[in-house]
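Throughout, a chain's letter reflects where its sequence line sits, starting with A, and its residues are numbered from 1. Below, all heavy atoms of this structure are taken into account, side chains as well, without hydrogens, waters or symmetry copies.
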There are 2 protein chains.
Amino acid sequence: MATSTTRTKRGKGRDNQAPGRPTQKDIALAAGVSQAAVSLVLNKAETPSVPPATRTRILEVAQELGYRPNHPARMLRSARTMTFACVIPDITNPFYPGLVRGLQTVAAPAGYDVLIFDTDGTREREARAIDWLLQGRADGVVATFFHLRVPQLAVLARKGIPLVRLESQHKPDGPLAIDSVYIDNSEAAAEMTRLLIARGHRRIAMIQAEFGPSNRRAQGYGAVMREAGLSPDFITDSAYSEESGARAMTRLLERKGDRPTAVFGASDVLALGAMEAARNAGLSIPDDIAIAGFDDIPVAKLLGLTTVRQPEFDLGALAAETLVRRLQPGGLRAPGKSHELKFEIVKRSSV
Amino acid sequence: MATSTTRTKRGKGRDNQAPGRPTQKDIALAAGVSQAAVSLVLNKAETPSVPPATRTRILEVAQELGYRPNHPARMLRSARTMTFACVIPDITNPFYPGLVRGLQTVAAPAGYDVLIFDTDGTREREARAIDWLLQGRADGVVATFFHLRVPQLAVLARKGIPLVRLESQHKPDGPLAIDSVYIDNSEAAAEMTRLLIARGHRRIAMIQAEFGPSNRRAQGYGAVMREAGLSPDFITDSAYSEESGARAMTRLLERKGDRPTAVFGASDVLALGAMEAARNAGLSIPDDIAIAGFDDIPVAKLLGLTTVRQPEFDLGALAAETLVRRLQPGGLRAPGKSHELKFEIVKRSSV
DNA sequence: TTCGCTTAGTTATACGTATTACTAAAGGAA
DNA sequence: TTCCTTTAGTAATACGTATAACTAAGCGAA
């Protein structure tokens, strides 16, 4: 029996890799060169040390074998995943798909893929997102956090993962690689509230969600109401969902005397739920009750919902551009910036 | 000067890894054990060769240093990405977010993430998706292909990447790891067409898209029309978008004599575009013109669109379950199966 | 002839992890 | 004492790629 020093071949050498995916080593073998030569030819446009003939041969063999670079191996070696994570409450909220498209549109040409992580707007899942990001699954993140604040997010920046937050207000610059893109939610809500008042409404309620951008929107609404000598009328339900909107509207309609004549939903989804509840109660919109929303999701147009337009595609695109810049050499050292985009009041038939 | 054999340390040893992300080696060093011991403790619930005391120490140190496993390294070593790819035409089509949620809901507990790849329904981007998948970015794929067929997709299965197709009809079993989930689109469209005929319509047009499930739907519609002695009336536009739907409807309305009294959109998005165009033309729905759709996207309910319900969440969930099963040991060898889910005609006010 | 330069590569190493094969030390039995 | 078994690990290797450092061969110039 051969003794201890015999090299024991574990498995058949290719038990791990899926059947037949050729590697650089295979190409090297077939072309009679070293793996290093293959790597050079495959990655550099010009290779002074490899003459055209060899170059061509390598490329041909690669072609023949159907070589595809092994992504995980590249990731490990280069410490780059070429992936952006998009951390959002819920992809089924129609606001987000547009954002994702904006992201992809900029990310793809730069070589980045987009991973979606839904948090459901809960603190627990937001924390899990952080943990997950710390495993090095993405080079950068675009995120909406309802619960976590800079102290909890700073760890990403410290570990070299730039973050772009989707925000509802200007954020002061900070030393870390945490940027934000936002529209002025407070001012936007204020303007919508002014519109409602201008249309003669005095009893205007706002349907809020517990967390998220709803707060800032409520601020703008509250300020304008008080300015006008009216009292803000908040009704809060849990989530940004139609069910929540409908539930809140139902509660409003159950009131005796001071039923509102206008309802401002803190998001379109909430407003749509409210619309449905109002219709089910036999009310006509806007005659019996006016309804306004926030976001301008694609359906809003179809339903004639008066709302605040957020340029979700542009927000996504801008976020991606910011990340791409951050990931260029030295980009992580720049201070965190806050970029404002403009909203627009879209007047339709619901007000 | 020391000579050639001096080991030159490239960089500072940690120039690649982001600042301060600790590795198993760091833990090993701090705990006074080997990297192998750390790996064992971190991954196995029971470690016969590591006594409780050492185990605890290692876990404590890991905790202290804030260790997170390096995902790329794991991927490389284990040849598993723990990622599913979801290849779809367009995430902004409201049909897909629900599907994605279904996917995620099953995938997440099994440890899989979900990557989104939009093809825009073009052949070129579908081909690129294949290429991208061959780089080993995902362990499994759920996909809707408009152009590629089994011959082009087989390469995935051959390289060990199981695929679940979202289909519009039953597919025969095959030897490869290519499964499908579907609802009987032809029968569903047939049933909707019967409903329209039962409501007294004789001139019923169908708005189609050039590629995708529209074909099968058209077949069901066509068959029923001919059976009833009516002539099918197809109008085709390019994509599954509101613009396409509106354009097609406008063309229909420009006709002189034989304007349809009912229009069947091959998808809800097409139907919604048609609705809008009809309304803009001053027609009332369903009195002047009835409109039906296909998919039952969330908006359909709000707009009272009569449509065919596809259980998109369940489709996604089932697809994910199929992939999870495929990725269990030996799962790749089972023949490809086709799973049917049931549709439902949802009658609302547009017909 | 000897040196130096160019050409055409190769060798060696590292990224972080998982796993197999090995081993030193201690304790118990014969 | 010697041998065996258990305990508590360690060493070595591989995954596929990228890259810095090295080198052998050939040629021209001094």
Starting at [atom1] of [X], measure out to [atom2] of [Y] and round the result to the nearest 0.5 Å.
X	Y	atom1	atom2	value
Leu323(A)	Leu318(A)	CG	CG	10.0 Å
Ser338(A)	Lys171(A)	OG	NZ	8.0 Å
Met75(B)	Thr81(A)	CE	OG1	9.0 Å
Ile27(B)	Gln63(B)	CD1	CD	10.0 Å
Leu103(A)	Tyr112(A)	CG	OH	13.0 Å
Leu42(B)	Leu59(B)	CG	CG	6.5 Å

(request) Could you tell me whether a side-chain N or O of Asp179(B) sits under 3.5 Å from a main-chain N or O of Lys337(B), the two making a donor and an acceptor? (result) yes

OP1 or OP2 of [N] less than 4.0 angstrom from a side-chain nitrogen or oxygen of [X], does that happen here?
X	N	value
Asn43(A)	dA18(D)	yes
Lys25(A)	dT17(D)	no
Lys44(A)	dT19(D)	yes
Arg74(B)	dA18(C)	yes

Value in whole Å for how far the [atom2] atom of [N] lies from [atom1] of [X]:
X	N	atom1	atom2	value
Leu40(A)	dG16(D)	CG	P	19 Å
Gln135(A)	dG16(C)	CD	C1'	13 Å
Ile58(A)	dT10(C)	CD1	C1'	12 Å
Met75(A)	dA18(D)	CE	P	13 Å
His71(B)	dC15(D)	NE2	P	20 Å
Arg77(B)	dT17(C)	CZ	C1'	7 Å
Asp26(A)	dA14(D)	CG	C1'	15 Å
Arg80(B)	dG16(C)	CZ	P	24 Å

(request) With a 4.0 Å heavy-atom cut-off, tell me which residues in residues 31-39 of chain B come close to DNA chain C, sorted by residue number. (result) Gln35(B), Ala36(B), Ser39(B)

(request) Measure from the side-chain heavy atoms of Leu76(B) and tell me the nearest of dT19(D), dC15(D), dA18(C). (result) dC15(D)

(message) Quick check for you: among dG16(C), dG16(D), dA18(D), whose closest atom lies nearest to any side-chain atom of Gln24(A)?
(response) dA18(D)

(request) Return yes when atom CD of Gln328(B) has more than 12 non-hydrogen atoms of other residues, nucleotides or ligands closer than 6.0 Å, and no otherwise. (result) yes

(message) Judged by each residue's nearest nucleotide on DNA chain D, which is more toward the 5′ side, Arg57(B) or Ala73(B)?
(response) Arg57(B)

(message) If the condition is salt bridge (charged side-chain N to carboxylate O under 4.0 Å, His left out), which residues does Glu46(A) pass it with, not counting sequence neighbours?
(response) none

N/O to N/O distances under 3.5 Å, protein versus nucleotides 6-8 of chain D:
none

(request) Return each pair, listed once, that meets side chain to side chain donor-acceptor pair (under 3.5 Å) where at least one residue sits in residues 127-136 of chain B; pairs must be two or more places apart or across chains. (result) Arg68(A)-Asp131(B), Asp113(A)-Trp132(B), Gln135(B)-Arg137(B)

Compile the donor-acceptor pairs under 3.5 Å between side chains in residues 146-157 of chain B and protein atoms, sequence neighbours left out, one pair per line.
from      : atom 1 : to        : atom 2 : distance (Å)
His147(B) : NE2    : Gly121(B) : O      : 2.7
Arg149(B) : NH2    : Phe146(B) : O      : 3.2
Gln152(B) : OE1    : Arg149(B) : N      : 2.9

(request) Please round to 10 degrees the angle between the axis of the first five pairs and the axis of the last five pairs in the helix from dT1(C)-dA30(D) to dA30(C)-dT1(D). (result) 80°

(message) Quick test of your reading of the model: are Arg101(B) and Asp120(A) salt-bridged, counting only N-O distances below 4.0 Å?
(response) yes

